[in-house]
Undergrad: 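Pasting a structure here, questions to come.
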Protein chains: 2
Amino acid sequence: MRKDAQQNRDKILTTAAKLFQARTVAEVSMKDIATAAEIGPGTLYRHYSNKNELCSALSLKYIDQFLSSCQDYLRQTTATPVAQFNHVLTQYILFRERRLQLLAFVETGPTVMDTYYRSELYHQLVQLFKRVLKPVNQSLNEVELTFQVDMLIAMLKSDSYAFQRHQRDLSQAQLGQLISHLMVPKD
Amino acid sequence: MRKDAQQNRDKILTTAAKLFQARTVAEVSMKDIATAAEIGPGTLYRHYSNKNELCSALSLKYIDQFLSSCQDYLRQTTATPVAQFNHVLTQYILFRERRLQLLAFVETGPTVMDTYYRSELYHQLVQLFKRVLKPVNQSLNEVELTFQVDMLIAMLKSDSYAFQRHQRDLSQAQLGQLISHLMVPKD
DNA sequence: TTGACAAACGGAGTCGACTCCGTTTATAGT
DNA sequence: ACTATAAACGGAGTCGACTCCGTTTGTCAA
């Protein structure tokens, strides 16, 4: 890749992140991003073939940070398996709350399947949860373990999460407890 | 409501349903629907304030049919609670598969929360699952019961379902079994 | 250093969702 | 039947996502 192209690629992401702080993702147009990054719309679209892919790339950066912080935690903790699971779950909920807008936009895009769920980092997120869930419920086989993790993640996707928070009137903590309660076998 | 208005309202839905059989939901533009229904775009939008709401209304019609057929089943069945739960679950998966496109479109819209999840019929869907899950796991309290049903529904939403089918390579039946296995307590 | 060319750029243009507003029409009260 | 009027209608117009293609530029081999 040419040097100028790489610079533009980076600049687009940082510019978008900046704009998303001031206005909602939906409010910021691709033209706004192009203008702020001092490039033409064509250039923007060559790097990220649509708004979703751009947001997806940004999300993956944040997920990367989240994964790192969890891995640091797991490296140094001496807590019980259940406590470890609950910690990661709680942190994940907090992380999602922080990036609510962006994640919601990404998850409701038509190309999510390609740019997001197939990504290496998403796979690592699944691995992280499998790693902390496995010691908590050792009776699960591989397929069941994966399935429960997928279900946990599905339940915390923007729509479902919003539904629980605002229609079911659950707090972040209550939601975490219900998930934990379902997945941690009662001896 | 004026008689002509009611006629147009109905005609829009039937016309849209017809067009969605020939082409994908995304391919059919609102203008196409308006033209086919022999009305102006303005009229279309007065009845359904956006494409999502229109699709939502159509989905709810189908959900209504699904609910009726399940209620018929429950009225006449003598199967065990577990078998009843599995039956409804299987039928729901089949129903969703049949309306995949439409439901996917509805569920990825920005206004889903208002026009879909808050609707009476969606609430009835939750009630249906609660009704068949409750006898299967009587140790659940009301909140837990609702939560598990919400989770079941979340897992079968278009994105999560597609992920399970195409990334995890699960069949409809396998998916149903995994859900059943998680929700039906092993004596 | 230079020149060939693939890669990158920019912006005008397309297409579809959605809005606005002047015109038409069903209907209710006389 | 007639008219007043609120409701409904239609389509031109706006806005934003995304595409296309003629122009510019970085880079590498000579």
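None of these values were measured; they are calculated from a predicted model. A note on names: the letters A, B, ... follow the listed sequences, proteins ahead of strands, and every chain is numbered from 1.
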Undergrad: At what distance, to the nearest 0.5 angstrom, does CD1 of I63(A) lie from CD of Q124(A)?
TA: 10.0 Å
Undergrad: May I ask you to decide if Y122(B)'s main-chain N or O and S119(B)'s side chain share a donor-acceptor pair within less than 3.5 Å?
TA: yes
Undergrad: Could you pull out all residues at least two apart from D150(A) that satisfy side chain to side chain contact (heavy atoms under 4.5 Å, CB included)?
TA: V126(A), T146(A), M155(B), F163(B), Q164(B), R168(B)
Undergrad: Among residues 46-56 of chain B, which residues get a heavy atom nearer than 4.0 Å to DNA chain D?
TA: R46(B), H47(B)
Undergrad: Would you say the side-chain atoms of H181(B) pair up with the backbone N or O of Q177(B), donor to acceptor, closer than 3.5 Å?
TA: no
Undergrad: Using a strict threshold of under 4.0 Å (side-chain N to carboxylate O), is an ion pair present between R96(A) and E107(A)?
TA: yes
Undergrad: Hey, can you pull the residues of residues 3-36 of chain A with a non-hydrogen atom under 4.0 angstrom from DNA chain C?
TA: D4(A), A5(A), N8(A)
Undergrad: Are T35(A) and D32(A) close enough that a side-chain donor and a side-chain acceptor fall under 3.5 Å?
TA: no
Undergrad: Please give, in whole Å, the distance from dC20(D) P to L44(A) CG?
TA: 16 Å
Undergrad: State which residues pass side chain to side chain contact (heavy atoms under 4.5 Å, CB included) with T43(A); sequence neighbours excluded, sorted by chain then number.
TA: N8(A), I39(A), R46(A), H47(A)
Undergrad: Main chain of A104(B), side chain of T108(B): is a donor-acceptor contact present, judged purely on distance under 3.5 Å?
TA: yes
Undergrad: Is the phosphate of dG10(C) approached by T43(A) (side-chain N or O, under 4.0 Å from OP1 or OP2)?
TA: yes
Undergrad: Look at the side chain of R2(B) and the base of dT25(C), then say whether one donor and one acceptor between them are separated by less than 3.5 Å.
TA: yes
Undergrad: Does the side chain of D72(A) pick up a donor-acceptor pair with the side chain of S69(A) at under 3.5 Å?
TA: no
Undergrad: Check DNA chain D against residues 103-114 of chain B and give the residues with a non-hydrogen atom under 4.0 Å, in numerical order.
TA: none
Undergrad: Output all residues satisfying side chain to side chain contact (heavy atoms under 4.5 Å, CB included) with A17(B), sequence neighbours left out; order by chain, then residue number.
TA: L58(B), Y62(B)
Undergrad: Side-chain N or O of Y45(B) versus OP1/OP2 of dT19(C): is the shortest distance under 4.0 Å?
TA: no
